[in-house]
Amino acid sequence: MRAEGVTTRTPAVRTAVVWDALRSMLAERTAATGRTSLDIVDAGGGTGGFAVPLAELGHSVTVVDPSPDSLAALERRAKERGVSVRGLQGDAADLGELLSRDAADLVLCHSVLEYVEDPISALTAVAGLLRRGGTVSVLAANPVASAIHRALAGQFDEARAVLSDPGGTWGDRDPTPRRFSAETLAELLGATGFTIGSIHGVRVFADLVPSRLLDGEPGAAEALVALEQAAATHPVLRDVATQLHVLAHRT
């Protein structure tokens, strides 16, 4: 959840840290396999915000999403950009039924674990898709950031509730069913057979910066991206980011 009065002026500000990590991982995987085109599955990939740019890099990308409207928008976006992305309707837990085992080099699981009925089942399905040495990219909401944002909105009781609730929610009206700390994400991934690679904080400052600062100052967006990149692995700042990004590997 974003604090009131903040901006997402450019997608680069929100996703730069994730893209940095993905680009490094993709370079390592292509070097290790000798293949310039990798097989990528985007679970819950929606309208293709990550899938289409990955296809533009030359990779073979499949999006699995429960929404037919999102898949239709994905098809339009891919066509406009001149790339091909396969879309399949289904949930993260259905991955094993929709796709072959050991078929992917990378699976994106972005903003999915918060909403699935059973995160363990979803990650188990992801593990079944990955080839040995393959990677899952998990992006999930962080409860500490939610507490900060609720406090900044003047909802102090809700902020306190986030800190005491095992699922990191602030009440019955919270649209996010659960949130994850770095520790709980690591435990989930370890329980489903993954080895943790890197953990980054995403949107440490981006959701707190007033829109007028980005809209009115030349170079401000680029400077904010650089700040986000510097804060992503800071031992304190990482853990207050709006989202946590984990790369984990199937061994």
Side-chain angles (χ1 to χ4, degrees), residues 1-28 49-50 106 108-114 119 135-153 156 158-160 162-170 176 178-190 194-215 217-249:
M1 174 169 290
R2 294 191 295 123
E4 294 181 4
V6 300
T7 185
T8 56
R9 178 175 177 266
T10 170
V13 173
R14 296 169 61 88
T15 62
V17 168
V18 179
W19 277 110
D20 285 348
L22 289 178
R23 278 191 288 266
S24 295
M25 172 266 146
L26 292 169
E28 292 172 3
F50 278 89
L106 169 66
L108 305 185
C109 191
H110 293 176
S111 300
V112 169
L113 296 182
E114 298 95 319
T135 300
V136 61
S137 171
V138 175
L139 189 65
N142 175 17
V144 176
S146 180
I148 292 171
H149 294 170
R150 298 315 295 162
L152 290 175
F156 306 122
E158 292 178 352
R160 182 164 50 85
V162 171
L163 298 177
S164 60
D165 181 72
T169 65
W170 47 258
T176 304
R178 66 180 73 86
R179 296 180 178 87
F180 300 90
S181 67
E183 291 75 17
T184 54
L185 283 177
E187 289 171 3
L188 276 174
L189 288 160
F194 290 98
T195 299
I196 302 298
S198 60
I199 303 177
H200 296 92
V202 177
R203 292 155 57 194
V204 175
F205 297 104
D207 290 354
L208 303 174
V209 174
S211 58
R212 65 180 182 279
L213 294 182
L214 293 187
D215 295 336
E217 295 292 334
E222 292 77 9
L224 180 55
V225 167
L227 177 60
E228 289 286 341
Q229 291 166 329
T233 56
H234 188 282
V236 175
L237 294 176
R238 183 199 74 178
D239 291 338
V240 301
T242 297
Q243 294 174 303
L244 296 169
H245 181 233
V246 183
L247 291 180
H249 310 291

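A distance of 4.5 Å separates CG of Leu208 from NE2 of His149, quoted to the nearest 0.5 Å. Atoms OG1 and CD1, on Thr242 and Ile148 in that order, are 8.5 Å from each other to the nearest 0.5 Å. Here the straight-line distance linking atom CG of Leu139 with atom CG of Leu108 works out to 9.5 Å at 0.5 Å rounding. Of the inter-residue distances, the one linking Leu26 atom CG with Leu106 atom CG reads 6.0 Å to the nearest 0.5 angstrom. With values rounded to the nearest 0.5 angstrom, Glu158 atom CD is found 10.0 Å from Thr169 atom OG1. Residue Met25 holds its CE atom at 14.5 Å from CG of Asp20, rounded to the nearest 0.5 Å.
Across all non-hydrogen atoms, the minimal contact from Arg14 to Asp207 is NH1-OD1, 3.9 Å. Looking at every heavy atom in both residues, Val136 comes nearest to Cys109 through CG2-CB, 4.3 Å. Considering every non-hydrogen atom in both Phe194 and Ala248, the closest pair reads CB-CB, 3.8 Å. In this structure, Ser146 and Val162 approach most closely via the heavy-atom pair OG-CG2, 3.8 Å. Closest heavy-atom contact between Leu244 and Leu185: CB-CD1, 4.1 Å. Residues Leu188 and Pro119 share a closest heavy-atom pair of CD1-CB, 4.2 Å.
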Test side-chain contact (heavy atoms from CB on, under 4.5 Å) applied to Thr184 and Arg179, step by step: CA-CA 9 Å; Thr184 54; Arg179 296 180 178 87; over 6 Å; no
Tell me, with the steps shown, if Leu22 and Phe50 meet side-chain contact (heavy atoms from CB on, under 4.5 Å). CA-CA 10 Å; Leu22 289 178; Phe50 278 89; 4.0 Å; yes
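Thr15 contributes no side-chain N or O that, together with a main-chain N or O of Val18, makes up a donor-acceptor pair within less than 3.5 Å. The backbone N or O of Leu227 sits nowhere less than 3.5 Å from a side-chain atom of Gln229 that would complete a donor-acceptor pair. Using modelled atom types, one side-chain atom of Glu228 and one backbone atom of Val204 make a donor-acceptor pair closer than 3.5 Å. Without hydrogens or angle criteria, Asn142 side chain to Asp239 main chain gives a donor-acceptor distance under 3.5 Å. Between the Arg178 side chain and the Leu113 main chain, a donor and an acceptor come within less than 3.5 Å of each other.
Aromatic ring pairs are classed by plane angle as parallel below 30°, tilted from 30° to 60° and perpendicular above 60°; the pair His245 and His110 is perpendicular.
Residue Arg238 forms a side chain to side chain contact (heavy atoms under 4.5 Å, CB included) with just one option from Ile199, Val202, Thr233, Val17, and that option is Ile199.
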